[in-house]
Amino acid sequence: MHSLRSPIQAMLAHSFRCENGRYAMQLVSRYISRMPKTTTCEQFLRGVTSYIFKHYSKSMLKRLSEHPEDRMTCSAVVYSRVSREIWMVGDCHCLIGDNYFDNPKPYEAELAAMRAEEVKRLLSEGKTQDELLRNDTARQVIIPRMLQTMQQQNIGYSVIDGFHIPRQHVRILPIDFNPWEIVLASDGYPFLCSTLEESESRLRQQRETDPLNIGPMFQATKAFNPDFNSFDDRAYIRFSV
C-alpha cells in the first residue's frame with residue numbers, strides 16, 4: 001500500500017488499438033506528471049485533450065474527426081489530492097474503502113455477451129477450447145460492431161483521444177475528509193479487490209475456470225491468449241488519504 005504524497009495519482013489503460021493506446025498512455029502520463037497540483041477536472045480535460053491533439057499531424061485531422069477508431073486513445077482514473085476527487089475518464093474502476101465504482105463503456109457488456117454466444121456456438125459445432133484460445137474467431141465476429149460503437153467515442157462515452165471530452169460522461173467522485181484506502185485500477189482486473197494479491201488471485205482463478213471469458217461471473221470481448229499472462233493490460237495502485 002502507498003501513502004499518498006504526490007498531489008495526483010493516475011492509472012492508465014490503453015484501448016482497442018493497442019499500439020495507438022500505448023502511445024496515448026505515455027503522452028497522458030507525461031502530461032499528468034507535469035500539470036500543476038491545483039489543476040481542476042475541467043482544466044485536466046481541456047489540457048490533456050490539447051496535449052494529445054498537438055501530436056497529430058495536420059494531414060490526419062480530417063480523417064480522425066470522421067474515424068475515431070484511428071485516434072490515439074486511452075482511459076485514465078486520476079486522484080487529485082488538492083480537489084479530493086477521483087476523475088474517471090473511460091473504462092476504469094476504483095474502490096473507496098469497500099465502495100466500488102466503475103465507468104464502463106456502453107455496449108461493452110452487450111458485445112461481450114454476443115461474443116460469448118458465438119463461442120458457445122462454435123464449441124457446440126466441435127471447436128475446442130484450445131483452438132479458440134489460440135484463434136479467437138468469436139472476437140473477429142464482433143469487431144465490426146466494436147468499430148461501429150467507437151463512432152460514439154467522446155459522444156456517447158468518454159475517452160482521452162485529443163478530441164473534446166464531454167463532461168457529462170466523466171465520473172467525478174468526491175472524497176470527504178475521513179481517512180480512506182483507495183484503489184485505482186484499469187479494467188484488466190475483472191474483480192477489483194482491496195489488495196493487489198487478491199485481485200491477481202481472482203484473475204488467475206478466472207483464467208483457470210473460464211479462460212474464454214464467457215461464463216456467468218464474467219464476460220469479456222476477448223479470451224486469455226495462452227501466450228500472454230492476462231487477457232488485457234492491467235494497472236493497480238492502493239494508497240491511503
Side-chain angles (χ1 to χ4, degrees), residues 11-25 68-77 88 90-95 100 102-153 157 159 183-193 195-236:
M11 289 289 97
L12 305 174
H14 68 66
S15 69
F16 169 66
R17 298 181 65 85
C18 59
E19 66 279 6
N20 286 346
R22 179 173 176 79
Y23 187 40
M25 176 272 292
E69 69 274 12
D70 290 339
R71 299 173 190 167
M72 296 183 289
T73 303
C74 75
S75 301
V77 52
M88 308 181 79
D91 51 351
C92 45
H93 51 175
C94 72
L95 291 172
Y100 174 79
D102 65 355
N103 191 39
K105 292 178 182 175
Y107 319 117
E108 190 82 6
E110 179 185 343
L111 289 168
M114 288 173 58
R115 177 185 160 274
E117 289 304 310
E118 177 64 12
V119 169
K120 292 171 185 176
R121 185 187 70 80
L122 292 169
L123 290 171
S124 71
E125 292 181 352
K127 285 281 188 179
T128 67
Q129 175 174 283
D130 186 63
E131 286 175 319
L132 293 175
L133 290 174
R134 290 288 177 185
N135 182 19
D136 192 350
T137 53
R139 177 174 171 81
Q140 295 168 21
V141 168
I142 66 170
I143 283 179
R145 179 67 186 278
M146 292 176 71
L147 294 173
Q148 183 181 8
T149 63
M150 290 173 73
Q151 292 295 319
Q152 290 298 304
Q153 190 166 301
Y157 64 94
V159 293
V183 173
L184 309 179
S186 68
D187 64 347
Y189 288 102
F191 308 104
L192 188 59
C193 304
T195 67
L196 176 61
E197 181 181 16
E198 187 179 357
S199 298
E200 288 282 345
S201 176
R202 293 292 302 277
L203 182 66
R204 288 193 298 271
Q205 183 181 5
Q206 175 66 23
R207 184 171 194 167
E208 291 167 1
T209 59
D210 180 23
L212 290 168
N213 288 329
I214 61 171
M217 294 297 295
F218 177 71
Q219 294 182 346
T221 58
K222 52 191 157 184
F224 285 86
N225 187 301
D227 295 331
F228 303 105
N229 63 7
S230 189
F231 71 98
D232 203 353
D233 65 320
R234 59 200 195 275
Y236 181 107

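Note that these values count all heavy atoms, side chains included, but never hydrogens, waters or copies made by symmetry. If you read the sequence from its start, that first residue is 1, and numbering goes on from there.
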In Å and rounded to the nearest 0.5 Å, what is the CD to CG distance from Q206 to L212? 10.0 Å
CG-CD distance between L122 and E131, expressed to the nearest 0.5 angstrom: 10.0 Å
Check step by step if side chain to side chain donor-acceptor pair (under 3.5 Å) holds for Q140 and N135. CA-CA 9 Å; Q140 295 168 21; N135 182 19; 3.1 Å; yes
Separation of R134 CZ from T128 OG1 (nearest 0.5 Å): 11.0 Å
Give, for atom CD of Q219 and atom CD1 of I214, the distance between the pair rounded to the nearest 0.5 Å. 8.0 Å
May I ask you to test the E200-R204 pair for a side-chain heavy-atom distance under 4.5 Å? yes
Short side-chain to backbone donor-acceptor contact, D102 and P104, under 3.5 Å: no
Please examine the side chains of K105 and Q152, heavy atoms only from C-beta on, and report whether any two atoms are closer than 4.5 Å. no
Counting distance only, does the side-chain N/O of R207 pair as donor-acceptor with the main-chain N or O of N229 below 3.5 Å? yes
Would you sort out whether D232 and K222 count as a salt bridge (Lys or Arg N to Asp or Glu O under 4.0 Å), showing the intermediate values? CA-CA 8 Å; D232 203 353; K222 52 191 157 184; 3.7 Å; yes
Close side-chain approach of V141 and M114, heavy atoms under 4.5 Å: no
Which pair of heavy atoms, one from H93 and one from S186, lies closest together, and at what distance? NE2-O, 2.9 Å
Which heavy atom of Y236 sits nearest to which heavy atom of L196, and what is that distance? OH-N, 3.3 Å
Report the C-alpha separation of D233 and R22 in whole Å, then their side-chain angles, then the decisive distance to 0.1 Å, and conclude whether the salt bridge (Lys or Arg N to Asp or Glu O under 4.0 Å) test is met. CA-CA 10 Å; D233 65 320; R22 179 173 176 79; over 6 Å; no
E110 and T149: CA distance, side-chain angles, deciding distance, side-chain contact (heavy atoms from CB on, under 4.5 Å) verdict: CA-CA 11 Å; E110 179 185 343; T149 63; over 6 Å; no
Mind checking the CZ-OG1 spacing from R145 to T221? Nearest 0.5 Å is all I need. 13.0 Å
Is there a side-chain contact between D210 and M217, using heavy atoms and a 4.5 Å cut-off? no
Got a salt bridge between R121 and E117, using NZ or NE/NH1/NH2 to carboxylate O under 4.0 Å? no
Where do Q153 and P68 come nearest, in terms of heavy atoms and distance? NE2-O, 3.5 Å
Which is it for R115 and D136 under the side-chain contact (heavy atoms from CB on, under 4.5 Å) test, yes or no, and what are the steps along the way? CA-CA 10 Å; R115 177 185 160 274; D136 192 350; 3.1 Å; yes
Would one find more than 12 heavy atoms of other residues, nucleotides or ligands at under 6.0 Å from atom CZ of F218? yes
Decide yes or no for L203 and F191: does some side-chain heavy atom of the first lie under 4.5 Å from some side-chain heavy atom of the second? no
Could you tell me whether a side-chain N or O of S75 sits under 3.5 Å from a main-chain N or O of C92, the two making a donor and an acceptor? no
E125 CD: over 12 foreign heavy atoms closer than 6.0 Å: yes
From N225 atom CG to L133 atom CG, the distance as rounded to the nearest 0.5 Å: 8.0 Å
Identify the two heavy atoms, one from P190 and one from F231, that lie closest to each other, and give their separation to 0.1 Å. CD-CE2, 3.9 Å
Passes side-chain contact (heavy atoms from CB on, under 4.5 Å), R71 versus N20? Steps please. CA-CA 7 Å; R71 299 173 190 167; N20 286 346; over 6 Å; no
Considering only heavy atoms from C-beta outward, does the side chain of C193 approach that of R202 to under 4.5 Å? yes
Please report the closest heavy-atom contact between S199 and L192, naming both atoms and the distance. OG-C, 4.1 Å
When every non-hydrogen atom of E69 is compared with those of L147, the smallest separation belongs to CB-CD2, 3.9 Å
